[in-house]
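The structure under discussion appears below in the form of structure tokens.
Hydrogens, waters and symmetry mates are skipped; everything else that's a heavy atom, side chains included, is used. Note on naming: letters A, B, ... go to the chains in the order of the sequence lines (proteins, then strands), and numbering restarts at 1 for each one.
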2 protein chains.
Amino acid sequence: MSIQPLIAHFERYIPLKETEEQLLEGRVTHRQIKRKQAILQEGFPCRHYTFVVEGCFRMYAVDKKGTEHNLQFSAEQDWIADIGSFHAGRPSALFIEAIEPAVVLQIEKQDLYFLYTNIPKLDRIFKVIVENKYVELQNRVLQSISSTAQERYLTFLDQYPKLALRLPNTQIASYLGITPEFLSKIRKDIAS
Amino acid sequence: MSIQPLIAHFERYIPLKETEEQLLEGRVTHRQIKRKQAILQEGFPCRHYTFVVEGCFRMYAVDKKGTEHNLQFSAEQDWIADIGSFHAGRPSALFIEAIEPAVVLQIEKQDLYFLYTNIPKLDRIFKVIVENKYVELQNRVLQSISSTAQERYLTFLDQYPKLALRLPNTQIASYLGITPEFLSKIRKDIAS
DNA sequence: GTCTGATCTTAATCTAGTTTAAGCCTATTT
DNA sequence: AAATAGGCTTAAACTAGATTAAGATCAGAC
């Protein structure tokens, strides 16, 4: 299986040379993930940057009461990793789990660092990728401190219309920070 | 006035060469900001990456009702900018304003891009800086979907003890996404 | 085919947090 | 010294959203 989707992803930012693509080839691992399979579990360090080729993942935390809270969804052409845990090598407080059967490309820490050193433009590419994800997250924080649950749900539908169709509502409720029951009520209110 | 604080900041990540420091020198602007002075206003593109040497800023949005919502505080040794607006050149939806008299170092877009090209390690440095800020924000999102206002306040005190002493409680309430009245109640409950 | 478990909904009750309004304190302006 | 304004608190009435519980629906496993 090829790493072509990843190369295409990088080249949306900066074109790569043939030699650079070959360096990548040797450092990227292809993997199939089953539905509900975890690729990161609380208590373990996050060992990979994971690029989603196909399928959909969620990143979540579990609180003292055992309730799960979805921090992030990642589908095709998106990255998912606990960045803090990955770089520090510290145990993660998060889980990452496939919501659908998935195909991913993964890079381990030592390999990523090798690639940063040998393909300097990757520093810039990832800088831009993280900047974009930062802006997304900032908008989410703004929503969370300024909007009602209904507004947040409508924004979610607007921003991720495809995801909204693929995900069970319980997962969406967890992402929005509300109970499934209240999301159900919101949906009823919107429909009428 | 010197750009030494900025150089020291960068060198916490990677040492710079003499020539690189000189390149920086020519592209960084030193500026004094008065209390309550805005360095970014809604409707205008964000023109600078701003590095805080002294003082404290808040970034906020204003909703339809006219209520302000604090997204971020930035004090000494921290950056503040609307990254999305800065890179896209689009009008910002945010304000950035000094809470205390401040001293800053600013870099304009064309200068930052010049520096990225001529000091390649800056790509890596800013990649790491944004990664760290991303992790911070992610923790905040997690808190906002999983914790009560009291827990969020206690975490804030724990994480930014100095900031908590410098800021009026109204600003902290706005950051936590609650009313000043409710923060007052929380403080009373904690004290007893 | 049916059993099991996950998903969705509705409704009653409860609680965290808002709104409104008032009063107090301190700092700054006149 | 008085006047104004921003920040902090208290309390009563209100509302967004949680909790509990029950029933309906649907999908995959056996």
Student check: side-chain heavy atoms of [X] and [Y] closer than 4.5 Å:
| X | Y | value |
| --- | --- | --- |
| N132(A) | E136(A) | no |
| K121(A) | D123(B) | no |
| Q143(A) | T155(A) | yes |
| V128(B) | H87(A) | no |
| T50(A) | I96(A) | no |
| I3(B) | H30(B) | no |
| I145(A) | R140(B) | yes |

(message) Taking the minimum atom-to-atom distance to the side chain of S184(A), which one of dT10(D), dA6(C), dT9(C) wins?
(response)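 Closest of the options to the side chain of S184(A): dT9(C).
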(request) Just jot down the salt bridge (charged side-chain N to carboxylate O under 4.0 Å, His left out) partners of E68(A), sequence neighbours excluded, or say none. (result)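 With neighbours one apart ignored, the set is R58(A).
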(request) Could you tell me, to 10°, how much the axis swings from one end of the helix from dG1(C)-dC30(D) to dT30(C)-dA1(D) to the other, five pairs per end? (result)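 Here the helix ends are tilted 40° relative to one another.
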Spacing between [X] atom [atom1] and [N] atom [atom2], to the nearest angstrom:
| X | N | atom1 | atom2 | answer |
| --- | --- | --- | --- | --- |
| L183(A) | dT7(C) | CG | C1' | 12 Å |
| F182(A) | dC8(C) | CZ | C1' | 16 Å |
| I186(A) | dT9(C) | CD1 | C1' | 14 Å |
| I178(B) | dT19(C) | CD1 | P | 12 Å |
| I99(A) | dA6(C) | CD1 | P | 15 Å |
| Y153(A) | dG17(D) | OH | P | 15 Å |
| R187(A) | dT7(C) | CZ | C1' | 11 Å |
| R166(B) | dG7(D) | CZ | C1' | 18 Å |

(request) Would you give a per-nucleotide map of nucleotides 24-30 of chain D, 5' to 3', where B means the base has a protein non-hydrogen atom under 4.0 Å away, S means only the sugar-phosphate does, and - means neither? (result) -------
(request) Any chance you could list the contact pattern along nucleotides 22-30 of chain C? Use B for base contacts, S for sugar-phosphate-only contacts and - for none, protein heavy atoms under 4.0 Å, 5' to 3'. (result) ---------
Is there a residue in [range] whose heavy atoms reach under 4.0 Å of DNA chain C, and which residues are they?
| range | result |
| --- | --- |
| residues 140-151 of chain B | T148(B), A149(B) |
| residues 167-176 of chain A | P168(A), N169(A), T170(A) |
| residues 56-72 of chain A | none |

(message) Just by distance, no angles: are the side chains of S92(A) and D82(A) close enough, under 3.5 Å, to form a donor-acceptor pair?
(response)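 Indeed, the side chains of S92(A) and D82(A) share at least one donor-acceptor pair under 3.5 Å.
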(request) Identify the heavy atoms of S85(A) and C46(A) that sit nearest to each other, and give their distance. (result)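 For S85(A) and C46(A), the tightest heavy-atom pair comes out as OG-N, 2.8 Å.
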(message) I need the E18(B) CD to E21(B) CD distance, nearest 0.5 Å.
(response)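 Result: 5.5 Å between the selected atoms.
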(message) Could you list the cluster mates of F156(B)? Members are the ILVMFWY residues connected by side-chain heavy atoms closer than 4.5 Å, either directly or through other members.
(response)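 For the cluster that includes F156(B), the remaining residues are F73(B), I99(B), Y153(B), L154(B), L157(B), Y160(B), L163(B), L167(B), I172(B), Y175(B), L176(B), I178(B), F182(B), L183(B), I186(B), I190(B).
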(request) Supply the members, apart from L165(B), of the Ile/Leu/Val/Met/Phe/Trp/Tyr cluster built from side-chain contacts under 4.5 Å; use none for a lone residue. (result)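 Hydrophobic cluster check, L165(B): no partners found.
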(request) Would you please confirm or rule out a distance under 4.0 Å between OP1 or OP2 of dT18(C) and any side-chain N or O of T179(B)? (result)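 Looking at the OP1 and OP2 atoms of dT18(C), one of them is under 4.0 Å from a side-chain N or O of T179(B).
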(request) Tell me, please, which residues at least two apart from V135(A) pass side chain to side chain contact (heavy atoms under 4.5 Å, CB included). (result)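 Counting only residues at least two positions away or on another chain, V135(A) forms a side chain to side chain contact (heavy atoms under 4.5 Å, CB included) with N139(A), I83(B).
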(message) Aromatic contact between F95(B) and Y60(B), with the criterion being ring centroids under 6.0 Å apart: yes or no?
(response)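 Between Y60(B) and F95(B), which both carry aromatic rings, the centre distance is below 6.0 Å.
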(message) Taking the six-membered ring for Trp, are F126(B) and F10(B) closer than 6.0 Å centroid to centroid?
(response)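 Centroid separation for F126(B) and F10(B): below 6.0 Å.
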(request) Taking ring pair (Phe, Tyr, Trp, His ring centres under 6.0 Å) as the test, write out the residues that go with F51(B), two or more places apart. (result)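 Scan of F51(B) (ring pair (Phe, Tyr, Trp, His ring centres under 6.0 Å), adjacent residues dropped) gives H9(B), W79(B).
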(request) Using a 4.0 Å heavy-atom cut-off across all strands, classify K188(B) as base, sugar-phosphate, or nothing. (result)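 The answer is sugar-phosphate, as K188(B) gets under 4.0 Å only of primed atoms, P, OP1 or OP2.
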(request) Give me the one residue out of K36(B), K34(B), R166(B) that meets salt bridge (charged side-chain N to carboxylate O under 4.0 Å, His left out) with E100(B). (result)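 Option passing the salt bridge (charged side-chain N to carboxylate O under 4.0 Å, His left out) with E100(B): R166(B).
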(request) Apply side chain to side chain donor-acceptor pair (under 3.5 Å) to Q72(B) and list each qualifying residue two or more places apart in sequence or on a separate chain. (result)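 Side chain to side chain donor-acceptor pair (under 3.5 Å) list for Q72(B), sorted by chain: S74(B).
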